[in-house]
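Below: one structure, written as structure tokens.
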Amino acid sequence: MLSLFSYVPFCLVALKSVTAQYLPNAQALTIKEIQHLYFDAATHGFFSAITPCTNYQDPTANAPNNALGMQTAAEWIRTAFHDFVTADIYTETGGLDASIGFETTRAENVGPAFNDALLFFSFFYNARVSMSDLIALGVVTAVGNCGGLLIPMKTGRLDATAAGPSGVPEPETGITATLNQFSNAGFNGGDTIALTACGHTMGGVHRNSFPQVVPASSVGPNNADGRVAFDETVAAFDIGTVNDYVHGTGAKGGPLVTTTNVTVQSDLRLYSSDNNATIKQLAQSSSYFEGQCQGVMQRMIETIPCCTPLSAPVDPTTTTNLQPAALYLSVNWKGTMTLSGFMRYIQVTGAAAPPASLIVTLINRAGKTTTTTATATKSSSDTGTGLWGPTRSYPFTLSFPATVGLSGISVSGQTFQLQDTMFVVPGMSNFSPTPPTFSTTSNLNTVSTYTVNMTVAYLTTAPPASLTATFSIPVPQTGTVSPTIDTSTTATLKKIGTTGPFVFYSAIISKSLSAKQVYGTSVDVAAPGQAAGVMFFKPFNPAA
């Protein structure tokens with residue numbers, strides 16, 4: 001149960017309208033959110049649990065605990081594997097859909113890995129990022145951060161609302177049943193061997209979860225969970241496990257090969273099921289192994305229920321490594337508009353070093369390039385390094401009359417579309433109290449009554465009497481540690497005045513929320529009979 005905390009002194013904090021005005025649709029908003037976690041990982045915290053790759057982020061201690069012999073990166077891969085493998089390609093059901101959260105009490109899903117992973121991911125969950133997308137991103141980041149190739153990351157997965165069928169192969173499962181289960185998920189025998197070998201290049205088997213595999217002697221002062229590693233490079237996504245198995249060196253393929261309990265030698269049965277042909281192929285070179293892993297793991301995270309379209313890969317090398325981010329638009333009573341935010345530059349392989357500055361040019365509401373410009377100078381403090389390379393930010397602010405408006409900006413020969421039809425006005429909006437600093441700990445479980453005073457500017461010649469705001473709030477979900485989105489909270493914004501071509505609408509709403517919910521909350525605002533003009537505005541999370 002969430003505990004209440006005493007209210008902090010009442011204060012008002014300026015909001016930033018992070019409605020991502022330049023994004024044309026809901027899928028693009030999801031991509032933006034994934035980009036933030038993926039490209040800006042060093043500054044946002046998603047990578048904190050797997051940096052270094054030896055790390056175990058203990059959710060019960062809210063901190064790293066590396067005396068247990070556990071490993072978060074390996075847990076993330078295992079979570080995706082167990083979620084995916086009960087897919088049925090013939091009925092087009094199951095796959096990577098976050099149903100694993102409802103299935104953690106099954107014997108086939110023994111161990112803390114799944115709830116560990118889902119609890120950490122839940123801090124980044126919101127109306128635009130599903131838990132199943134976060135599970136997929138967990139695989140991509142664990143593999144890429146720990147030495148493997150970058151797996152293409154697509155978005156748009158939908159979450160299951162109940163448990164799926166059982167059928168995850170266990171150490172005792174016979175080879176025929178194992179291969180049949182993988183075949184139902186669309187993987188043939190060679191695919192199954194490759195995916196298992198790739199998944200078992202990090203981590204190990206734990207005494208506390210699998211006493212039938214691991215002897216009691218494995219438990220020690222710095223290995224309280226009793227892990228026996230798959231190979232000598234437990235934190236590296238590399239060819240080590242395969243080489244050990246093929247050449248009979250080191251750990252010889254890990255405890256599911258070498259255990260004296262023949263019943264649970266599941267990896268040995270699998271690897272030898274084709275007379276070791278596939279595993280020997282995988283051992284031919286590190287580059288071949290990594291390429292095969294990239295392919296089968298991409299297929300794993302893209303095995304999803306029927307009729308869910310995925311986006312193009314989130315990849316700055318195929319789109320652009322220069323993009324606007326954290327934009328917010330404002331207008332005051334005098335009719336002066338400002339557009340603020342920053343340009344994100346990712347120094348991908350082969351790209352030039354980040355320039356010292358960039359020129360941002362306004363494109364007016366009529367679509368004409370103007371002479372209004374701003375110099376965006378490279379920030380010395382806002383830097384990070386994601387999987388694609390170093391990231392640098394270039395803050396800027398453009399000021400212009402409301403009568404001019406905007407439809408985009410031009411930067412370094414690229415045009416980015418924007419809109420000023422409807423937006424939250426930062427200077428006329430605020431919230432209280434200030435939530436605790438964002439962190440993936442139980443500090444965010446504290447609850448308070450948060451008040452949002454929100455003013456929206458609407459560009460219209462036929463203003464309605466009111467606008468409707470619909471809040472999307474992450475709430476607990478029975479049977480899983482994964483949250484779900486509740487949209488039952490709404491507010492009516494009333495007209496309060498005009499400036500130039502804009503009409504202002506405002507409302508005040510209070511809601512009792514945990515700080516964790518606050519950071520995941522977003523709001524859409526719509527005029528009667530129209531689609532939302534403000535989409536996915538995050539009132540309490542201006543940095544995202």
Side-chain angles (χ1 to χ4, degrees), residues 1-20 29 33 36-37 44-46 59 62 98 101 118-131 134 159 161 328 424 426 428-456 467-493 506-526 532 534-544:
M1 180 176 291
L2 300 177
S3 60
L4 292 172
F5 74 105
S6 59
Y7 296 146
V8 301
F10 188 88
C11 62
L12 298 180
V13 181
L15 288 157
K16 288 187 177 180
S17 175
V18 287
T19 53
L29 284 163
E33 285 293 286
H36 181 53
L37 299 176
H44 192 63
F46 191 79
N62 306 311
L118 297 177
L119 183 58
F120 182 83
F121 296 153
S122 68
F123 287 91
F124 304 94
Y125 172 85
N126 57 44
R128 291 269 42 95
V129 180
S130 67
M131 183 57 71
L134 289 165
D159 291 342
T161 57
Y328 65 96
V424 176
M428 302 181 191
S429 304
N430 45 64
F431 69 82
S432 66
T434 304
T437 301
F438 178 84
S439 64
T440 54
T441 73
S442 61
N443 291 339
L444 295 194
N445 288 339
T446 53
V447 175
S448 186
T449 298
Y450 289 90
T451 298
V452 176
N453 181 349
M454 185 167 64
T455 298
V456 169
L467 305 176
T468 300
T470 302
F471 288 79
S472 295
I473 302 172
V475 296
Q477 189 173 192
T478 302
T480 175
V481 300
S482 299
T484 189
I485 294 295
D486 178 84
T487 58
S488 62
T489 299
T490 62
T492 299
L493 285 76
S506 188
I508 298 175
I509 184 169
S510 295
K511 186 80 173 178
S512 182
L513 300 170
S514 74
K516 184 176 179 179
Q517 289 176 300
V518 159
Y519 278 110
T521 292
S522 61
V523 63
D524 296 350
V525 182
V534 171
M535 293 190 296
F536 194 63
F537 165 61
K538 295 192 288 184
F540 301 101
N541 202 359

For K538 and R128, run side-chain contact (heavy atoms from CB on, under 4.5 Å): C-alpha distance rounded to whole Å, both residues' side-chain angles, the deciding distance at 0.1 Å, then the answer.
CA-CA 11 Å; K538 295 192 288 184; R128 291 269 42 95; over 6 Å; no

What verdict does the side-chain contact (heavy atoms from CB on, under 4.5 Å) test give for I508 and V452, after you've listed the backbone C-alpha separation in whole Å, the side-chain angles of each residue and the deciding distance to 0.1 Å?
CA-CA 6 Å; I508 298 175; V452 176; over 6 Å; no

If you take all heavy atoms of L444 and T437, which pair is closest and at what distance?
CD2-O, 3.8 Å

Test side-chain contact (heavy atoms from CB on, under 4.5 Å) on L134 and V129; report intermediate values, then the result.
CA-CA 7 Å; L134 289 165; V129 180; 3.5 Å; yes

Taking all non-hydrogen atoms of both residues, which atom of A469 and which atom of L493 are closest, and how far apart?
CB-CD1, 3.6 Å

Can you check whether F431's main-chain N or O pairs, donor with acceptor, with T451's side chain at less than 3.5 Å?
no

How close do T492 and A507 get, counting heavy atoms only, and between which atoms?
O-CB, 3.3 Å

Within the structure provided, determine whether V447 and L513 are in side-chain contact (heavy-atom separation under 4.5 Å).
no

Close side-chain approach of S432 to Y450, heavy-atom, < 4.5 Å:
no

What closest approach, in Å, do D524 and F536 show between heavy atoms, and which atom pair accounts for it?
OD1-N, 2.8 Å

Say you draw a straight line from CZ of F123 to OG of S439; how long is it, rounded to the nearest 0.5 Å?
7.0 Å

With no hydrogens and no angle check, just 3.5 Å: does a side-chain donor-acceptor pair link K516 and S122?
yes

Is there a donor-acceptor contact under 3.5 Å from the side chain of S429 to the main chain of T455?
yes

Run F124 and T440 through side-chain contact (heavy atoms from CB on, under 4.5 Å) and show every step you take.
CA-CA 9 Å; F124 304 94; T440 54; 3.7 Å; yes

Closest approach of P436 and N443, non-hydrogen atoms and distance?
CG-O, 4.2 Å

Rounded at 0.5 Å granularity, tell me how far OG in S130 sits from CD in E33.
12.0 Å

Do the rings of F121 and F46 sit parallel, tilted or perpendicular, given the 30° and 60° boundaries?
parallel

Using only atom types and a distance under 3.5 Å, with no angle test, would you say the side chain of Q477 pairs donor to acceptor with the backbone of S482?
yes

Is it the case that the ring center of Y125 lies less than 6.0 angstrom away from the ring center of Y519?
no

A98 backbone acceptor or donor facing D159 side chain under 3.5 Å:
no

Would you call P483 and Q517 a side-chain contact if the rule is heavy atoms closer than 4.5 Å?
no

Using a 4.5 Å cut-off on heavy atoms from C-beta on, say whether the side chain of M454 contacts that of V525.
yes

Determine whether a donor-acceptor pair (N or O, by modelled atom type, separation under 3.5 Å) exists between the side chain of S442 and the backbone of N445.
no

Atom of I485, atom of N126 and distance for their closest heavy-atom approach:
CD1-C, 3.8 Å

Nearest 0.5 angstrom please: S472 OG to M535 CE, how far?
12.5 Å

Can you tell me if K511 and T489 form a side-chain donor-acceptor pair at under 3.5 Å?
yes

When you look at F471 and F537, which way does the ring pair (Phe, Tyr, Trp, His ring centres under 6.0 Å) test go after all the steps?
CA-CA 9 Å; F471 288 79; F537 165 61; 8.9 Å; no

